[in-house]
Amino acid sequence: MKKHINIIIFIILAVIQIAIPVQMVIVRENILNKGKLYKIQVRPVDPYDIFRGRYVAINIEGFDYNNIPVHKRNLLKEGTEFYAILGINKNGYAYIKDISIDKPDEEYLLMENDLNNRIKNPFDRFYMNQEIAPEAEKLYQEYSRDSINHDSKTYITVRIKEGKGTIEDLYINDKPFYQMINNLKEEDK
Amino acid sequence: MSKKNILWLYGELPKLVAKGVFSADTSNKIQDYYGNIEKKDFGQLILTIFATIGAVLIGLGIILLFAFNWDKLERSIKVLLAFLPLVISQIIVLFVLLKKKESPVWRESSSVFLTATVGASIALISQIYNIPGNFGDFLLAWILLIVPLTYLLDSNIVSLLYLIGITSWSGYAQAEGEQSLLFWFLLAILIPKLIIKYRENKYSNISVYLSWTLAICLTISIGITLEKVLPGLWIIIYSSFFTVLYITGFLWFNEAPSIIQKPFHTIGSLGIIILGFILTYNWPWRGIGWHNIRYDERFDHYAAVGDYIITIGIILLLLFLIIYSFKKKELNVLFFGIFPFIVLIGYLLVSSYFDKDYKLNSSEEEVSIIIHLLLNAYLLFIGIFTIIFGTKNRKILLTNGGTLIISVLICLRFVFVEEFFENLKFRGIIFVLIGVCFIVANVFIAKRIKRSEK
């Protein structure tokens, strides 16, 4: 009898063990399929020389403390979650137009102010194969610097739905990073 | 008698019977009296260790194989692959539950494999969707998903991993400014397991590993989970905590043959002595007490209630243990048991006499002199007591330990001195007086030894 109970409990546990990652997949797939597409301009990451290995660290433009209207800055305390209302600038990139503590009617992204009063970046990493990650990182740093001066178009595309966002792809000089790296490899040959 | 001695005795019995020292009947009676001693099965242990390492390597290898060509795969295939090891390991565990329940090798290795794959699948999904990492949340989900294995499969390695996991989690949670009081509930999940293991055999390898890990994790986590609103509360909590550990070890785990098998005892007494040395300096006493309560926004005053509950809880536990030792007539525990009360007196004195910015006026200086004299005298006393106890019971390690305590104390008071101990005249007189005491005591002891030899 005890054996049966143990097996039943284990099966329930196994289902939960699968359900948690499945739920993560469902939430993200839902965002990727039904979310609204935004382009977010990126900028170089500091410090540059740290080898991260499995992902490219991303720094985004237009989502800083400076973008928040001055009279609303006092709303942000250490650790506050807030709704960032998104606008699109003349180059087509998303930025924080306004913030709100209550749920707004317009398109928004759920963001958080951390304990050091810095706004947490919800799109801080882009995972890839460790063989190409260092190369992609180099390209990222190079082109994102130009991108700030509008010499290149280097950005991430994200899908946002009900405040949650997911990175879709990384574009370097207006091309998907994977294509860019393949081009480089072919040139080497 | 220790296991080793009983095993030796059992080895001798057949010889003694053969030589007619006593009958086979007596030999059986002796065996009945000491009971069955299971011999340590090293073969089994090695099998368990190798199988566990093997399981971990296979799990990691599978992940590496996926990483090969990972970028070229469709997202849906990546997601399926992320679940594959998890499902395989779950099937293996199910098989073990059905067919191999009796084999510790199968139980340990399959549950460690499942532990690895649960973590791997969550991590892989986070990578596929570039989910920003909050390591604390990840760790919490992971340990909660695997802790049932400690009961379902009676897995000891998972219990150890769980203890380490909840301790690391409490560290991350506190660093992120979240509540880490949940640690105590997470710990409570494992308590029945510990009780089961101690009832089976509290000196078995597994019980000893669990006790060491538990004692070390608690020592770390108590400090981490405190909200630290009332400054200096850690002094009371840690002194009581180490004493509770020590008394627990003394009352319930005292028959173990070596200090390696007495983790509570060892960590408790080491903790008391080291903390004692630290408290003979001024810095821990500076800016403590209720005049200095922190009103800063960063400190959560509701969470501070947790601190007070921990403090009261640990003091009640301490009082209970001391009363219990009185009832059991184990008065030796009081030599260490008195430490938190000395500290408590110090804390209350400092809190009520010192004002906010600790400038020594005359009454404050007197109070600090009283505390420092008290603590130094206590450490000296502990050192002497340990030496005497060690010599009486022929425990060289204790004798040496006691000598070490006194030597460290002398060094600290001679070299690394501060405040009123800097007074050379005063220090000189104390050193000479204590030195004379030692010589006089020696003369008396030597006389007694001579007399008893006659």
Side-chain angles (χ1 to χ4, degrees), chain A residues 2-29 31-32 54-56 58 77-79 112 114-116 120-133 136 156 158-159 164-170 177-178 181-182, chain B residues 64 66-73 75-76 78-80 82-83 86-87 89-91 93-94 96-99 101 111 114-115 117-134 138 141-142 144-149 151-154 175-178 296-298 300:
Chain A
K2 197 179 167 249
K3 197 174 165 185
H4 288 296
I5 293 175
N6 273 353
I7 287 165
I8 292 167
I9 295 175
F10 176 70
I11 290 171
I12 296 171
L13 175 70
V15 170
I16 300 173
Q17 284 173 341
I18 294 179
I20 298 234
V22 163
Q23 185 259 349
M24 290 164 70
V25 172
I26 292 172
V27 169
R28 298 291 151 172
E29 281 297 333
I31 297 170
L32 285 174
R54 299 191 55 81
Y55 65 88
V56 172
I58 304 259
K77 303 264 169 2
E78 288 157 350
E112 195 187 335
D114 75 5
L115 290 180
N116 303 316
K120 268 192 194 168
N121 176 2
F123 309 110
D124 63 350
R125 52 189 61 185
F126 188 69
Y127 283 93
M128 60 186 68
N129 187 321
Q130 57 189 351
E131 278 167 29
I132 56 171
I156 50 174
V158 304
R159 295 270 179 183
K164 277 189 177 170
T166 294
I167 301 187
E168 203 177 51
D169 210 348
L170 168 65
F177 84 97
Y178 210 69
I181 286 179
N182 278 343
Chain B
L64 286 181
F66 287 170
F68 180 72
N69 267 349
W70 186 247
D71 289 318
K72 294 188 181 107
L73 298 175
R75 199 167 71 226
S76 53
K78 284 189 204 172
V79 170
L80 276 181
F83 282 99
L86 176 59
V87 174
S89 60
Q90 285 178 335
I91 292 169
V93 169
L94 197 60
V96 171
L97 276 174
L98 286 167
K99 301 277 175 195
K101 190 104 207 267
S111 49
L114 180 54
T115 301
T117 53
V118 167
S121 70
I122 299 179
L124 280 173
I125 296 294
S126 305
Q127 282 203 16
I128 293 169
Y129 292 99
N130 298 303
I131 298 170
N134 180 341
F138 166 67
W142 190 5
L144 283 175
L145 286 175
I146 57 128
V147 66
L149 298 178
Y151 292 100
L152 287 174
L153 287 148
D154 189 24
E176 292 282 312
E178 288 164 25
D296 207 308
E297 239 180 57
R298 276 188 305 143
D300 185 343

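The sequence lines fix the lettering, A, B, ..., with proteins before strands; numbering per chain opens at 1.
For A:Ile58, no part sits under 4.5 Å from any heavy atom of chain B, backbone or side chain. Residue B:Leu98 touches chain A through both its backbone and its side chain, counting heavy-atom pairs closer than 4.5 Å. Contacts between B:Ser89 and chain A at a heavy-atom distance below 4.5 Å are absent for every atom of the residue. Using a 4.5 Å cut-off between heavy atoms, B:Phe83 touches chain A through its side chain atoms alone. Only the side chain of A:Leu32 comes within contact range of chain B, with at least one heavy atom under 4.5 Å from a heavy atom of that chain. For a residue to count as touching a neighbouring chain, one of its non-hydrogen atoms must lie under 4.5 Å from one of that chain's; by this rule B:Ala123 does not touch chain A.
If you tally non-hydrogen atom pairs under 4.5 Å between each of B:Leu94, B:Leu145, B:Ile125, B:Val118 and chain A, the highest count goes to B:Leu145. Taking chain B as the reference chain and counting heavy-atom pairs below 4.5 Å, the highest number among A:Ile167, A:Ile9, A:Asn121, A:Ile18 is found for A:Ile18.
Nearest heavy-atom pair, A:Phe177 versus A:Ala136, reported as atom, atom and distance to 0.1 Å: CD1-CB, 4.3 Å. Shown here for B:Leu97 and A:Ile7, the closest heavy-atom pair between the two residues is CB-CG1, 4.2 Å.
From A:Ile20, atom CD1 reaches atom CG of B:Leu86 across 11.0 Å, with rounding to the nearest 0.5 Å. Distance NZ/B:Lys78 to CD/B:Gln127: 9.5 Å, rounded to 0.5 Å. Interatomic distance, B:Thr117 OG1 to B:Leu114 CG, rounded to the nearest 0.5 Å: 4.5 Å.
Checked against side-chain hydrogen bond (donor to acceptor under 3.5 Å, both in side chains), A:Thr166 has the following partners two or more places apart in sequence or in another chain: A:Arg28.
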